[in-house]
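As structure tokens, the structure follows; a few thoughts come after it.
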There are 2 protein chains.
Amino acid sequence: MRLNDLDERIVHALAEDARRSYADIGELVGLSAPAVKRRVDRLRAEGAITGFTVRVDPAAMGWETEGFIELFCRHKTSPADIRRGLSRYPEVVSASTVTGDADAIVQVFASDMRHFERVLERIAGEAFVERTKSVLVLSPLLRRFGSGTPS
Amino acid sequence: MRLNDLDERIVHALAEDARRSYADIGELVGLSAPAVKRRVDRLRAEGAITGFTVRVDPAAMGWETEGFIELFCRHKTSPADIRRGLSRYPEVVSASTVTGDADAIVQVFASDMRHFERVLERIAGEAFVERTKSVLVLSPLLRRFGSGTPS
DNA sequence: GATGAAAACTTTCCAAC
DNA sequence: GTTGGAAAGTTTTCATC
């Protein structure tokens, strides 16, 4: 599924401000409001656009502690198993299987260190997890995505 | 800056669909549309809400290759130096200084492996970078934020 | 925080390219 | 197959209570 130039500019405009009006976006890309709406509708139907969300300051939501947990899993653990296991944790905002020593990298937001520790211990206790290695975020330097609420 | 229960429910509704109408959200939380708008305006003014964005399927945008790069920096490199250095790369969607061996973890989206390699080499060549260690994402299992366009 | 009216925006339809 | 314009329906916005 490839997007043409006009579509990309529309998506770019929405990425900057998803509540911008279709008329505004149209002016930006040289289209009328209905034409922009039709393209956005099509992009949603195709799955290129999966939704609209709010960009939140995690601290304001009470998520002050962030960290990455590397997962080392038991043999024969499938990506689907990991996904199933982790999806129950609202604190997990992202997880991926990766190349290298670890099997997966999990990004976690917690309210404080105690909360982070509790989540880490529960994840480490999952049946498919052999061991974990975690690092805490000291300062978030760059965040070019709309960090949705982890709950 | 702490949010009360009503604010959290409004933010939660916007996180699910940022283009939902204020009347809809009001019905959900038991407020009139203008009352919801006033709270959203206040949350934006306070910085709790930093904006609205679109959730995109990275593959549809042509970003098929994802990876994490651990940065080991020269002595006396400040977080601000790292931030400055990395902000010029549109491929970098997130970066944080962390505890542990590495100084920072950088998340990168690239169009393909060749593109990823090029970005990796350029970052590794930055003056403040001593060495890097990178892992590639095999399958994205969970993504609970609106991954904005990395450009 | 609610109400109500005016302005703006969204959405549909249809003719035109 | 996609566009722009007009009309109808919603939503946003603001003054007022």
Side-chain angles (χ1 to χ4, degrees), chain A residues 1-62 145-149 151, chain B residues 1-64 111 144-149 151:
Chain A
M1 187 188 336
R2 210 55 202 80
L3 279 62
N4 71 25
D5 183 58
L6 228 42
D7 291 331
E8 273 192 29
R9 285 163 67 198
I10 290 172
V11 170
H12 192 92
L14 286 171
E16 277 180 354
D17 181 3
R19 287 187 76 100
R20 184 175 281 180
S21 78
Y22 291 134
D24 262 22
I25 297 169
E27 197 152 342
L28 218 70
V29 305
L31 243 54
S32 69
V36 174
K37 182 195 185 300
R38 269 193 299 266
R39 278 170 182 267
V40 172
D41 285 347
R42 180 173 54 71
L43 290 169
R44 296 198 69 166
E46 286 173 349
I49 289 177
T50 60
F52 300 97
T53 191
V54 64
R55 247 195 300 264
V56 172
D57 174 13
M61 293 298 289
F145 52 74
S147 79
T149 50
S151 171
Chain B
M1 189 187 336
R2 212 56 200 77
L3 279 62
N4 70 26
D5 183 57
L6 228 41
D7 291 330
E8 272 192 31
R9 285 162 68 197
I10 291 172
V11 170
H12 192 94
L14 286 170
E16 278 180 352
D17 180 4
R19 286 186 77 100
R20 182 175 284 179
S21 78
Y22 291 136
D24 262 23
I25 299 170
E27 197 152 343
L28 218 70
V29 304
L31 243 52
S32 69
V36 173
K37 182 196 184 294
R38 268 198 299 268
R39 277 171 180 266
V40 172
D41 286 347
R42 180 173 53 72
L43 290 169
R44 294 198 70 165
E46 287 172 354
I49 289 177
T50 59
F52 300 97
T53 192
V54 65
R55 246 195 299 263
V56 173
D57 174 14
M61 293 297 289
W63 303 91
E64 310 251 8
S111 52
R144 290 219 261 249
F145 51 74
S147 80
T149 50
S151 173

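Computed from a prediction, not measured in an experiment: that's the story for all the values here. So you know, we letter chains A, B, ... as the sequences are listed, proteins then strands, and number each from 1.
Between the NZ atom of B:Lys37 and the C1' atom of C:dA2 there is a distance of 16 Å, rounded to whole Å. Note: CD1 (A:Ile10) to C1' (C:dT10) measures 15 Å, nearest angstrom.
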Checklist entry - Would B:Leu14 and B:Ile49 satisfy side chain to side chain contact (heavy atoms under 4.5 Å, CB included), going step by step from the backbone distance to the final call? => result CA-CA 10 Å; B:Leu14 286 170; B:Ile49 289 177; 4.1 Å; yes
Next on the checklist: Using side chain to side chain contact (heavy atoms under 4.5 Å, CB included), reason through B:Asp7 and B:Glu46 one step at a time and then give a plain yes or no.
Outcome noted: CA-CA 12 Å; B:Asp7 291 330; B:Glu46 287 172 354; over 6 Å; no
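Within residues 18-33 of chain A, the residues approached by DNA chain D to less than 4.0 Å at the level of any non-hydrogen atom are A:Arg19, A:Leu31, A:Ser32, in residue-number order.
Here CD1 of A:Ile10 is found 7.0 Å from CG of A:Leu43. Values are rounded to the nearest 0.5 Å. Here A:Glu27 contributes atom CD and A:Ser21 contributes atom OG; the two are 9.0 Å apart, rounded to the nearest 0.5 Å. A distance of 10.5 Å separates CZ in A:Arg9 from NE2 in A:His12, rounded to the nearest 0.5 Å. Interatomic distance, CZ of B:Arg19 versus CZ of B:Phe52, reported as 11.0 Å (0.5 Å rounding). Distance CZ/B:Arg39 to CD1/B:Ile25: 12.5 Å, rounded to 0.5 Å.
With a cutoff of under 4.0 Å to any heavy atom of chain B, the contacted region of DNA chain D is bounded 5' to 3' by D:dT11 to D:dC14.
Although no hydrogens or angles enter the test, the distance criterion places a donor-acceptor pair under 3.5 Å between the side chain of B:Thr50 and the main chain of A:Arg55.
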